[in-house]
Structures are given as structure tokens and as C-alpha cells.
Amino acid sequence: MIINLIRSLSLLNPFSLARNIHWLAMASPNQQYHATFKPHKQFSSNSPFFFRKTSLYTLALVLFLCTFSYLFGVWRHDGGGVSVSKSAATTSTIVSNPCHGPSKTTTAAAKGEKPLDFSARHKADDLDVTSTSEVKTYPSCNVNFSEYTPCEDAKRSLKFNRHKLIYRERHCPEKHEMLKCRIPAPHGYKSPFKWPASRDFAWYSNVPHKHLTVEKAVQNWIRFLGDRFRFPGGGTMFPDGADAYIDDIGRLINLKDGSIRTAIDTGCGVASWGAYLLSRNILTMSFAPRDTHEAQVQFALERGVPALIGIMASKRLPYPSRAFDMAHCSRCLIPWAEFGGQYLIEVDRVLRPGGYWILSGPPINWKKYWKGWERTKDDLNDEQMKIEAVAKSLCWKKRVEKGDIAIWQKPINHLNCKVNRKITQDLPFCPAQDPEKAWYTNMEICLTRLPEVSNKEDVAGGELPKWPERLNVVPPRISGGTLEGITAETFHKDSSLWNRRVSYYKAVNNQLEQAGRYRNILDMNAYLGGFAAALIDDPLWVMNVVPIQAKVNTLGVIYERGLIGTYQDWCEAMSTYPRTYDLIHADSVFSLYEGRCGMENILLEMDRILRPEGSVIFRDDVDVLVKIKKITDGLNWDGQIVDHEDGPHQREKLLFAIKTYWTAPAVTTSS
């Protein structure tokens with residue numbers, strides 16, 4: 001009996017004791033779900049050690065041996081002076097994997113093997129997450145910063161050139177100008193309406209601006225109804241609603257057969273065009289500047305529609321070449337024919353071979369509207385002729401002009417275009433360049449070359465399957481061998497991996513399986529888009545970010561799969577409003593940026609763009625996660641580190657966190 005008892009006690013150490021106490025504390029059968037809670041295996045009430053009736057002699061022996069084992073364990077794991085409380089606390093944040101059977105969920109110590117000891121093994125002396133005196137706290141910013149967009153700040157923008165509206169491009173703060181406080185939500189902030197209700201309604205308290213309800217009242221953009229806004233779906237050129245307008249487009253080109261999946265809306269307003277295309281399985285990247293139309297992109301995001309702050313000025317749009325099946329401008333006020341046609345040239349760069357450009361509003365149908373537009377017939381006719389000339393120089397073919405809508409189509413390759421170039425000496429082809437490069441990259445007045453083809457019928461870069469087949473077929477950029485180190489086998493393995501990982505995420509946070517809990521999702525390091533693809537059947541959308549520091553530029557692959565995304569440098573703020581995303585996924589982001597910029601700055605930016613009660617899933621090395629958790633504790637997030645889906649022996653762990661609810665205080669008026 002004593003030998004068996006000693007064997008049992010050999011399993012005891014400060015780390016397993018802490019974990020067992022944690023399990024017992026969370027074993028209540030009536031406890032409510034918490035967004036960072038991980039379900040645990042119930043601790044057995046038949047344990048031979050804890051619940052067996054013993055004699056007084058045995059109890060005394062147990063007490064002695066337990067104390068001896070504990071002290072021996074501390075001495076053995078101390079590793080040169082690390083305190084017991086620090087080791088136990090650090091390890092107690094690592095929760096065992098619930099998704100395997102008992103043989104896989106038990107720790108190494110429970111199997112009689114040498115237990116994992118993160119503090120001693122990794123020398124994490126400075127990572128005491130339980131010492132509240134060492135946790136830096138972050139105060140609330142002034143309520144005036146409630147809608148702060150660091151790289152599109154109105155005051156800072158006035159320092160820059162107004163030519164081509166350059167002052168409205170991204171101009172990020174210097175390091176010493178970065179805020180070290182938490183952006184407050186407006187007082188009375190509520191969780192947004194669930195999709196699809198959010199397409200038509202948003203809470204006034206979340207975006208407290210009535211300016212557009214007055215300015216765009218006739219155009220039916222937005223209505224104010226007591227405590228909420230209603231979006232009738234109207235637009236400047238479609239006062240009868242976006243649905244009817246899209247039906248008009250659908251009579252001119254096929255929007256139903258899956259050949260058109262990705263679209264871009266330039267100067268999107270409140271993104272009603274993109275909102276109503278979603279019901280047709282067309283995913284739209286909407287963008288507009290932060291300008292006099294206050295909060296238009298913020299309204300789009302509050303509706304649960306993909307959008308970014310952006311403008312066509314002097315820099316390329318932050319998307320790869322050949323990304324979109326369709327581009328759209330409905331009275332977007334972009335001077336398409338000016339500056340050598342550079343804005344239409346940029347549309348050509350991001351438009352897929354065979355893709356469409358749709359224009360409504362000035363100057364289309366000017367004979368009907370010229371008086372209302374307060375312009376002369378000659379002026380409008382001249383503008384249309386210039387647009388036609390630029391489109392022709394791009395080798396586009398005008399498909400149709402009917403009523404208020406005109407549609408051009410990009411060629412599927414440049415074979416004929418090259419022949420015509422030699423004769424007409426039109427817009428030259430760009431010299432050797434990287435058409436995928438699009439982060440602070442200047443626009444060029446030259447035609448972006450399409451990949452070479454052998455026959456006139458071949459699609460440059462490879463023909464894409466129709467949606468939804470294209471999601472899981474090997475993308476042409478991979479099958480064509482243009483991405484170093486990424487093969488068809490890599491693609492299939494990555495897809496399987498993320499299907500398994502997302503299933504594990506849903507086991508840890510079952511709210512991921514609740515339709516409507518998360519709508520706007522950000523993947524900060526998307527690689528091939530596997531995370532987004534694994535969620536494709538859920539009523540949500542994912543903004544797939546490929547960091548500019550990534551080893552391989554894979555954003556083109558993401559678009560070829562029928563998904564959307566953008567480039568981003570996480571040392572800078574994102575071009576979006578506070579409280580954009582319901583869920584943020586950060587896979588190896590902090591390892592990627594180690595030594596490039598401060599972890600604190602990235603986490604403060606995540607706090608800015610995450611909604612109150614929004615969730616974050618971090619995936620990284622355990623040492624990195626412990627550092628992250630120390631900062632998120634200071635941000636007043638609730639978090640818990642859990643084991644990798646393959647078990648506790650993996651250095652990579654997961655940190656599930658939730659941003660707690662808080663808002664700016666109510667505004668008081670003195671009498």
C-alpha cells in the first residue's frame with residue numbers, strides 16, 4: 001500500500017496541484033458559458049487518492065509525504081531561483097486539451113513522465129502574469145477619440161498636399177505620436193443587430209451621426225428612426241433601391257452563374273451595393289475616403305458589410321493584380337479621365353482578365369441629367385469621350401450602355417493588345433515591375449502586363465472555376481508555380497489543417513457555432529485563406545490580411561479562391577474605424593513582428609478595432625503568448641491560454657481572449 005501511495009504522490013507537483021484545483025473550481029454543472037472558457041473533463045469523484053477513507057496513521061503519513069513531495073518538486077524544478085508562485089501561476093494558465101481521449105489529455109506528469117515546466121524550461125523570469133503590481137494598465141482615451149482613425153486623422157492630413165487629394169491618403173502618426181490609451185465606445189453602445197437584420201438597421205448610439213440622413217434624404221441612403229438608423233438600400237443613382245439596380249445590371253451581364261464572385265465598389269457610400277450583392281453570393285470590397293460624408297464606411301461596417309477607408313489618389317489600392325471579377329462606380333466622383341487616366345489604369349491592374357467595369361452617374365446618360373448635374377452638355381460629352389478613349393487604350397471593349405448604366409470588359413489576354421500597341425503607339429506597357437506590390441506604391445501611367453499565353457482563347461494567368469468550386473480548387477497562382485515553395489500539396493494540406501483547427505476553435509468557444517454571434521472577422525496573417533475557407537458556410541465574412549513582411553505574397557491566391565483581403569503593416573494602424581470586428585484571429589503575428597515594432601502597439605491597435613465583448617484567438621509560441629497575456633490583462637481583457645489542438649507537448653499554444661464591455665461616460669450638462 002505504501003509503495004502504491006508513494007507512486008501516487010510522485011505524480012504530485014505544484015503544477016498538477018494547481019491544475020486539479022482549477023478543474024474542480026470550474027466543474028459546476030450549472031455554470032454559464034464564457035467566451036474564453038474551455039470545457040474540461042470532469043474530475044472523477046472516485047479518485048483513489050483524494051476520497052478514500054483512511055486511518056489517522058495513514059493521514060499523518062500522507063501529510064508528511066505530500067509535504068516532502070511538494071518541497072522536493074520545488075527544489076527539482078526551481079532551475080536556479082525561480083519562485084514557486086511564479087511557476088505555478090504561469091503554468092496554471094495552460095489548460096489541457098479537451099478534444100482528445102483521456103490518454104491524450106492527461107499531462108506528462110500524470111503519465112509518470114517528466115512534467116512540462118514552462119517557467120523553468122523557458123526561463124520566463126520576467127513573465128509573472130499574476131503580479132498585478134507589475135502589469136501596466138492603459139487608461140481610457142478622451143471621448144473625443146471615440147472614432148479615431150490614426151492613419152486618416154483629419155488634423156494631421158492638413159499638413160499634406162491637396163493635389164490629387166493626397167492629403168486624404170494614409171498618413172500615419174510617428175512613433176512618439178501614437179496613443180497609449182484605450183479608445184472608448186460611445187456611451188450607450190450596444191451589440192449590433194445580427195445579420196441579416198443588420199443590413200437594414202444599426203443603433204444610433206453606436207454611430208451617433210445624423211448628417212447623412214439630411215444630406216442624402218432624397219437619395220434614400222439612410223433614415224433615422226428614434227434609437228436606430230434604417231437603410232432602405234437607396235443610392236445616388238438607385239433611389240429605388242440597390243436590389244432593383246443590381247437586377248438592372250443582371251439583365252446586362254450574368255450575375256447568377258458563379259463566374260462573378262469578387263467585386264470592388266469605389267466610393268461606396270454606406271455600401272448598399274455590396275450589401276445586396278451578398279444575397280447573390282458576390283463578395284464586395286467597398287471603400288470610401290474619410291471625408292465630408294461623415295462615417296459612411298463606419299455605417300457600412302456597422303451593417304456587417306466588408307469595407308475599408310480608402311481613396312484613389314497617388315498610391316495603388318492595397319490589393320493584388322487580377323483580384324476582382326467586377327469593379328463598380330456609381331457617381332463616385334472619381335475623375336476617371338484626368339491625370340493621364342491613372343485611376344482607370346489602376347482599376348485595370350486589379351481587374352481580372354475578362355472582368356467588368358460598371359459606371360453609372362456622370363457622365364453616363366448626360367443627355368437626360370445634365371441640368372440636374374448643373375453642367376453643360378459639352379462638358380459632360382467631353383468627359384465621356386475621354387473615358388471612352390482611356391478604356392480603349394486599355395484594350396477594353398464596351399459591352400453595353402443602357403439607361404443609366406455603362407459596362408466595359410477587360411480582355412482575357414493581351415495578344416491582340418500587343419499587336420495594336422505597335423500600330424497605335426497608345427498607352428505603353430509597364431516596364432519590368434511587380435504588379436502585386438501595392439503598399440505605399442505609386443500609381444503608374446502604363447498598362448500592367450498580363451501573364452503570357454499561347455492562344456487567343458487562353459485566359460492570362462489561368463481560368464478560374466465558377467463559385468463555389470473555386471474555393472477548394474488549387475488556385476492558378478499555385479498550380480502555375482509562381483509562388484516559391486507553395487505547391488498543390490501545400491494547398492491541400494493547409495486546407496485540411498484549417499478545417500481541423502477551426503473545429504477545435506469551436507470546441508473551445510462554442511459561440512463560434514452560434515449563427516450571428518460573430519459577423520465581421522479579421523484574420524491578421526491569412527497565408528492561403530484556410531481559416532476563412534473553413535468558415536465559409538457560416539453567416540460571416542473574413543477580411544484576410546497578408547502582412548507586407550510575410551515571406552511569400554499570397555493575397556492573390558486568396559482572391560483566386562473567391563475570398564477578399566488586403567495588405568497591411570501591423571506596425572501601423574489599419575484603415576478602418578474603431579469597433580470594426582467581432583472576432584480577430586492572430587496566427588503567429590507576434591512572432592512575425594518580433595524585433596520590428598512593439599507588441600504593445602499592435603495590441604492597442606487590436607483593442608481599437610475590436611468591438612466591446614469581441615473575441616480574439618492568438619496562436620503563437622507559449623513564451624510569446626504569456627507576454628501577450630500580460631499586456632491584455634492591462635487592457636482589461638479576459639483571457640486564458642489553452643493547449644494546442646495536438647496536445648500539451650506542442651510549444652505553440654492558443655490564447656482565447658475577450659474584450660470586456662465598457663464605454664465612455666454619459667455626457668453631463670451643467671445647469
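Quick note: numbers below take in every heavy atom, side chains included, and nothing from hydrogens, waters or symmetry partners.
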Pairing donors with acceptors under 3.5 angstrom, does anything connect the side chains of [X] and [Y]?
X      : Y      : result
Asn520 : Trp541 : yes
Asp620 : Ser591 : yes
Lys180 : Asn601 : yes
Tyr518 : Asn509 : yes
Thr262 : Asp325 : yes
Glu600 : Tyr138 : yes

Which atom of [X] lies closest to which atom of [Y], heavy atoms considered:
X      : Y      : answer
Ala307 : Val297 : CB-CG1, 4.0 Å
Ile564 : Ile558 : O-CG2, 4.0 Å
Val305 : Gly274 : CG1-C, 4.3 Å
Ala533 : Leu471 : CB-CD1, 3.9 Å
Met574 : Ile609 : SD-CD1, 4.3 Å
Gln568 : Tyr593 : O-OH, 3.8 Å

Discussion item. How about CD on Gln549, more than 12 heavy atoms from neighbouring residues, nucleotides or ligands closer than 6.0 Å, or not?
Written reply: yes
Worksheet entry | Whether over 12 other heavy atoms sit under 6.0 Å from Glu469 CD |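 Yes, enclosed.
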Is there a donor-acceptor contact under 3.5 Å from the side chain of [X] to the main chain of [Y]?
X      : Y      : answer
Ser496 : Lys493 : no
Arg470 : Leu464 : no
Thr576 : Leu308 : no

Can you find a heavy atom in the side chain of [X] that is under 4.5 Å from one in the side chain of [Y]?
X      : Y      : value
Tyr559 : Pro475 : no
Trp662 : Ser140 : yes
Trp570 : Val545 : yes
Arg619 : Tyr505 : yes
Glu436 : Leu555 : no
Leu604 : Ile631 : no
Leu592 : Pro547 : yes
Val350 : Pro320 : no

Would you call [X] and [Y] a salt bridge, taking side-chain N to carboxylate O under 4.0 Å as the test?
X      : Y      : answer
Asp623 : Lys627 : no
Arg608 : Glu605 : yes
Glu560 : Arg352 : no

Between [X] and [Y], does the ring centroid distance fall short of 6.0 Å?
X      : Y      : value
Trp203 : Phe193 : yes
Phe618 : His585 : no
Phe324 : Tyr319 : yes

Worksheet entry | The single option from Arg611, Arg579, Glu302 passing side-chain hydrogen bond (donor to acceptor under 3.5 Å, both in side chains) against Asn206 |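 Only one of Arg611, Arg579, Glu302 forms a side-chain hydrogen bond (donor to acceptor under 3.5 Å, both in side chains) with Asn206, namely Glu302.
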Worksheet item: Knowing that exactly one of Arg519, Arg517, Lys506 qualifies, which makes a side-chain hydrogen bond (donor to acceptor under 3.5 Å, both in side chains) with Asp538?
Response: Lys506
From [atom1] ([X]) to [atom2] ([Y]), nearest 0.5 Å:
X      : Y      : atom1 : atom2 : value
Asp621 : Ile628 : CG    : CD1   : 10.0 Å
His492 : Leu497 : NE2   : CG    : 14.5 Å
Leu610 : Ile584 : CG    : CD1   : 4.5 Å
Ile264 : Ser286 : CD1   : OG    : 8.5 Å
Leu655 : Gln640 : CG    : CD    : 9.0 Å
Thr632 : Ile658 : OG1   : CD1   : 12.5 Å

Worksheet item: Yes or no on side-chain contact (heavy atoms from CB on, under 4.5 Å) for Ile641 and Leu654, after CA distance, side-chain angles and deciding distance?
Response: CA-CA 6 Å; Ile641 298 176; Leu654 305 172; over 6 Å; no
Discussion item. Can you confirm if the NZ or CZ of Lys659 lies within 45° of the ring axis of Trp637 and under 6.0 Å from the centre of its six-membered ring?
Written reply: no
Practice prompt. Determine, for Trp498 and Arg501, whether the Lys NZ or Arg CZ falls below 6.0 Å from the six-membered ring centre while staying within 45 degrees of the axis.
Written response: yes
Discussion item. Is there a side-chain contact (heavy atoms from CB on, under 4.5 Å) between Arg500 and Glu645? Walk through the geometry before answering.
Written reply: CA-CA 9 Å; Arg500 185 164 61 88; Glu645 59 270 9; 3.6 Å; yes
Item to complete: Applying side-chain hydrogen bond (donor to acceptor under 3.5 Å, both in side chains), run through Tyr527 and Asp587 and close with a yes or a no.
Response: CA-CA 10 Å; Tyr527 188 43; Asp587 176 17; over 6 Å; no
Item to complete: Begin from the C-alpha positions of Lys653 and Asp643 and carry the test side-chain contact (heavy atoms from CB on, under 4.5 Å) through to its verdict.
Response: CA-CA 5 Å; Lys653 303 289 180 187; Asp643 279 331; 2.9 Å; yes
Worksheet item: What's the verdict on side-chain contact (heavy atoms from CB on, under 4.5 Å) for Ser588 and Glu652, showing C-alpha distance, side-chain angles and the deciding distance?
Response: CA-CA 9 Å; Ser588 305; Glu652 185 176 81; 4.1 Å; yes
